[in-house]
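Structure, as structure tokens:
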Amino acid sequence: MEANRKVIIEVQDVVKQYLMGLNEVLALRGVSFKVYQGEYVSIMGSSGSGKSTLMNILGCLDKPSTGTYKLDGIDIAQLTEDQLAGIRNLKIGFIFQSYNLLPTLNVLENIALPGMYADLPREQRFERALEMGHKVGLDKRMDHMPYQLSGGQMQRVAIARALTLKPAILLADEPTGNLDSKTQEEILDLFDQLYRDGSTILMVTHELDVAERSRRMLSFHDGKQSSDIDLMFFKKQIEAMET
Amino acid sequence: MNYFEYLLMALRAIRSKKIRAFLTMLGLIIGVASIVVIVSLGEGNKKQIQDEIKKMGNDLVMVNIQGQSYLPQEAYAQICKAIPEIKNGTPLVQEALGVQFTSAYDQVNIVGIHPNFFKLTSQELLDGRLLNAYDFLRRQNVCVIERTAASQKMFGLNPRVGSVIRIQNQPFTVVGVIKHKDSQFVYAQNSIYVCSTTYRFLKPQPGFKQSLFAATDINLIPRMSKQIRTLIINNFHLNPDEVTVQSLSEFLKSAQQIVAKVTAVIGGIAGISLLVGGIGIMNIMLVSVTERTREIGILKAIGASQRAILFQFLIETIIISTMGGLIGIFLGLGIASFVAKATGLPSQIPVIPSLIGFTFSVLTGILSGFYPAYKAARLNPVDALRAT
Ligand SMILES: Nc1ncnc2c1ncn2[C@@H]1O[C@H](COP(=O)(O)OP(=O)(O)OP(=O)(O)O)[C@@H](O)[C@H]1O
Ligand SMILES: [Mg+2]
């Protein structure tokens, strides 16, 4: 799109196949696209279309069967296990549908945890965790345990944790999938704010009204990308029609 | 890596999941405690047997004639004369006889001896004097009485040095009081000792059945035993089956063999309980780490390296295993001393077996906690996250 902007994600002919006994399942059948710095992209598609498979590859939680994936200019296939851990730690903020908080740690400690693996000094970790907690509106809950929180609050903790090391990209796989519509709105408002503050966001959803909150929509069908729509363009047109 | 941070984190995890941590520890606690209990009671018994053996005193040769036969009165002197290795000795006759003191009457074990007896069996004099050669040769009506404690009374009364008691209606003057000592020579507590020369007049007998001999040198004892046995069989025409000649050290050896067997059995039981405990520890550790595969997936997803995850689990299992092991030791010692008090069995703090049990259980705990963590840390993050 905008040629002067930095490419954060570059996916080229990515294929992912699973072996289920004797059957081969092609979850991704050659996917290629780029995401630029500061974009807010949603990934749409019906169940089983390969959205999560793609997100896991983008999050370095899994590896493509073939094809290349470059994150911030780095070819992921070339990295050692330790370097991958470093990438997941510093460059990627992953937000899961099921929050995935550590049940034994409180909110502050959960948010500060990635800093531990980045070898940040303790004070700095907790200072930053407090800052992130404030950003997601959890100032009063910092000493709560995960089981004492609502789903929306847990997802805020997960978002704060994903943000704590200022990653190059925020990946969210159906972040509002377990939430009611009011809480969903709150989380999407938070994403809007992050977008305005300059974060690059990729979000999986299978609901159109959620996808519409992003600025660009990639659609998937049966392991292949079926469309790539610039929602900004449409929004501007709609605004122009309304005024 | 900041190790202190990992330690804090591990403590945090343990504290917030106290019940899980406790259940994990339980296998360890039971394993270690049972070893400590078994071994400490076992060692206590072993020590008791050894103490008993020590109490018996000098190495002596015991002669026992079984059955109907007796050694004639003069046999004792003949044996002493014939065998140069004998330093000294004493015949021994004993039987419960009627004893009267003032108005009280009872049956008391009367022991007829040579005055050597007291020295041979290391008796402790509490009051007065012991029997001597003069009493023996002159067949004096004197006796030495025995007390478990000097204050303990005989038939509710208190005969002391100078008292006159009647044995089989003959008056005997008490010349000394000795402290009671457990031994396999004298059959009853509160026995009364008289010279064997005097004893003949109390209870006419064809001779004696028991005697003790000391050697001029302990190394001569085995040879001396054989010589005594041969001499008795040949000179006094006794059936070899009726004559047992055994030295205390032989007796000691067989007692020690029993102790060794007891120790082996105890060791076996302890080993089995260690094994069972170890399997329990492994089981609970495997389960608890497998449960946490998802947690490991989360840690990987937010950027923990394999090394960091392994280190974290290692610290946690070390803390849990060590705590479990320590609790086990103290619980075991508590139970052992309780059982010892309740049953009167002796108990002994088994330092080395406890340490072995502790080390084994803690190592089992650490290894079985570490291995599944190692496996989980090597998983693809997606696969670890998918675990439920
Ligand atoms: N570990 C796996 N083993 C085998 N097949 C898999 C595995 N993971 C995913 N698949 C298959 O890959 C295809 C894509 O799955 P994926 O989870 O990416 O879909 P999705 O678009 O995220 O669906 P949903 O909207 O339901 O989350 C599916 O057919 C699925 O069955
Ligand atoms: Mg999915």
Side-chain angles (χ1 to χ4, degrees), chain A residues 16 18 27 52-53 55-57 59-63 80-106 108-123 125-126 145-147 158 161-165 167 171 173, chain B residues 1-24 288-289 291-313 315-317 319-320 373-388:
Chain A
K16 181 74 185 179
Y18 293 108
S52 293
T53 306
M55 283 304 254
N56 290 336
I57 290 171
C60 297
L61 303 178
D62 208 352
K63 286 186 169 167
T80 64
E81 188 50 46
D82 261 9
Q83 287 170 321
L84 273 178
I87 295 276
R88 289 193 287 262
N89 188 220
L90 297 169
K91 291 206 178 286
I92 298 167
F94 207 107
I95 298 159
F96 299 88
Q97 180 175 353
S98 52
Y99 328 122
N100 278 342
L101 302 180
L102 283 195
T104 53
L105 301 181
N106 68 20
L108 182 70
E109 290 161 333
N110 260 290
I111 301 177
L113 194 57
M116 189 163 111
Y117 301 116
D119 280 336
L120 283 189
R122 199 174 164 76
E123 298 82 56
R125 281 201 296 131
F126 285 110
M145 297 304 286
Y147 65 85
R161 182 179 67 184
L163 289 172
T164 185
L165 293 180
L171 302 171
D173 190 353
Chain B
M1 281 204 310
N2 184 339
Y3 300 108
F4 181 64
E5 291 255 13
Y6 283 81
L7 180 68
L8 286 182
M9 168 111 172
L11 287 174
R12 190 77 180 76
I14 292 168
R15 244 182 41 209
S16 65
K17 289 273 178 189
K18 286 193 198 74
I19 293 181
R20 182 174 73 187
F22 177 74
L23 285 178
T24 312
S288 88
V289 182
E291 262 176 9
R292 299 175 72 180
T293 303
R294 190 184 165 81
E295 205 177 309
I296 290 175
I298 299 173
L299 296 181
K300 294 204 83 166
I302 63 170
S305 63
Q306 273 181 30
R307 207 163 40 107
I309 292 170
L310 289 182
F311 188 67
Q312 199 167 313
F313 271 79
I315 290 189
E316 211 177 304
T317 47
I319 294 175
I320 288 182
Y374 170 79
K375 264 179 40 187
R378 287 167 59 94
L379 282 178
N380 232 357
V382 228
D383 296 326
L385 278 167
R386 204 170 281 135
T388 39

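Numbers restart at 1 for each chain; the letters A, B, ... are given by sequence-line order, proteins then strands.
More than 12 heavy atoms of other residues, nucleotides or ligands lie within 6.0 Å of CZ in Phe126(A), so this atom counts as buried by the packing criterion. Counting non-hydrogen atoms of other residues, nucleotides and ligands closer than 6.0 Å to OH of Tyr6(B) gives a total above 12. Around the CZ atom of Arg12(B), the shell of radius 6.0 Å holds more than 12 heavy atoms that belong to other residues, nucleotides or ligands.
Looking at Ile87(A), there are no atoms closer than 4.5 Å to chain B (heavy atoms on both sides), in backbone or side chain. The contact between Asn56(A) and chain B is made entirely by side chain atoms (from C-beta outward), counting heavy-atom distances below 4.5 Å. Heavy-atom distances place the side chain of Arg294(B), and not its backbone, under 4.5 Å from chain A. Ile14(B) does not touch chain A: none of its heavy atoms, backbone or side chain, sits under 4.5 Å away. If you measure heavy-atom distances from Asp62(A) to chain B, the contacts under 4.5 Å come from both the backbone and the side chain.
Interface check for chain A: of the options Leu8(B), Val382(B), Leu299(B), the most heavy-atom pairs under 4.5 Å are formed by Val382(B). When each of Asp82(A), Leu102(A), Asn106(A), Thr164(A) is scored by its heavy-atom pairs under 4.5 Å with chain B, the top score falls to Leu102(A). The residue among Arg122(A), Lys91(A), Met145(A) with the most heavy atom pairs within less than 4.5 Å of chain B is Arg122(A).
Interatomic distance, CZ of Phe313(B) versus CD of Glu295(B), reported as 5.5 Å (0.5 Å rounding). Lys300(B) NZ to Thr293(B) OG1: the interatomic distance, rounded to the nearest 0.5 Å, is 11.5 Å.
Ionic pairing of Lys63(A) and Glu81(A) is not present here: no N-O contact between side-chain nitrogen and carboxylate oxygen is shorter than 4.0 angstrom.
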